[in-house]
Amino acid sequence: QVQLVESGGGLVQAGGSLRLSCAASGRTFSSYAMGWFRQAPGKEREVVAAMDWSGLITYYADSVKGRFTISRDNAKNTVFLQMNSLKPEDTAVYYCAAEQRAGLITRRKEYEYWGQGTQVTVSS
């Protein structure tokens, strides 16, 4: 089992940047596929970015390609989401998710473990 704690959210102006972190408990973090999701008010939770256990395979939603970067530090049991050129439509609660499985996972229902979320608000 793994516990996830996100941090790094906040209020930022359009065009600004934020770096989200997700700290994971447990000694087998390196065997987990990781993902970042977001949920805006009245909308379904959607995938933003995902990474396989090795960090070599990544996925980005079209809406964030070229602006967001997912990375992980297995030695520190942490996954990051660097968000640049933020837009008001990026406003949402951001969640990290983990699943102990090889490969890349982009579907919400395939993740077993979730953090509590961190609010990101982008003002225009």
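Numbering starts at 1 and runs along the sequence shown.
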### Task
Using the rule that two of Ile, Leu, Val, Met, Phe, Trp, Tyr join whenever any of their side-chain heavy atoms come within less than 4.5 Å, decide whether V48 and V93 are in one cluster.
no
## Note on the structure
Here the disulfide (SG to SG under 2.5 Å) pairs for residues 49-84, sequence neighbours left out, are none
### Task
Enumerate the residue pairs fulfilling disulfide (SG to SG under 2.5 Å) with a member in residues 36-83, sequence neighbours excluded, ordered by first and then second residue.
none
Taking every non-hydrogen atom, the tightest pair across [X] and [Y]:
X	Y	value
P88	S124	CG-CB, 3.8 Å
R67	D90	NH1-OD2, 2.7 Å
V120	M83	CG2-CE, 3.9 Å
G9	L20	N-CD2, 3.6 Å
T91	Q119	CG2-NE2, 4.0 Å
A24	L4	CB-CD2, 3.6 Å

### Query
T78 and D73: side-chain donor and acceptor closer than 3.5 Å?
no
### Query
Does a donor on one side chain and an acceptor on the other come within less than 3.5 Å for Q100 and S31?
yes
Quick one, [X] and [Y] - any side-chain contact, counting heavy atoms below 4.5 Å?
X	Y	result
M34	Y111	no
V64	R38	yes
T69	L81	no
Q39	E44	no
Q82	S71	no
V122	E89	no
V79	Y32	no

### Task
Please say which of I70, I105, I57 ends up in a side-chain contact (heavy atoms from CB on, under 4.5 Å) with M51.
I70
### Message
Check this for me: does any side-chain nitrogen of one of R108 and E46 sit under 4.0 Å from a carboxylate oxygen of the other?
### Response
no
### Message
Salt bridge check, K65 against D62: does any charged N sit closer than 4.0 Å to a carboxylate O?
### Response
yes
### Summary
Applied to residues 42-100, the ring pair (Phe, Tyr, Trp, His ring centres under 6.0 Å) test, sequence neighbours excluded, yields none
### Message
Quick check on Q3: does its CD atom have over 12 non-hydrogen neighbours (other residues, nucleotides or ligands) under 6.0 Å away?
### Response
no
### Summary
Sorted by chain and number, sequence neighbours left out, side-chain contact (heavy atoms from CB on, under 4.5 Å) with E112 holds for E99
### Message
Show me the pairs that pass salt bridge (charged side-chain N to carboxylate O under 4.0 Å, His left out) and involve residues 74-83, at least two apart or across chains.
### Response
none
### Message
I need the L104 CG to T58 OG1 distance, nearest 0.5 Å.
### Response
7.5 Å
### Message
Quick check for you: to the nearest 0.5 Å, what is the distance between E6 atom CD and C22 atom SG?
### Response
5.0 Å
### All ring pair (Phe, Tyr, Trp, His ring centres under 6.0 Å) counterparts of Y113, not counting sequence neighbours
none
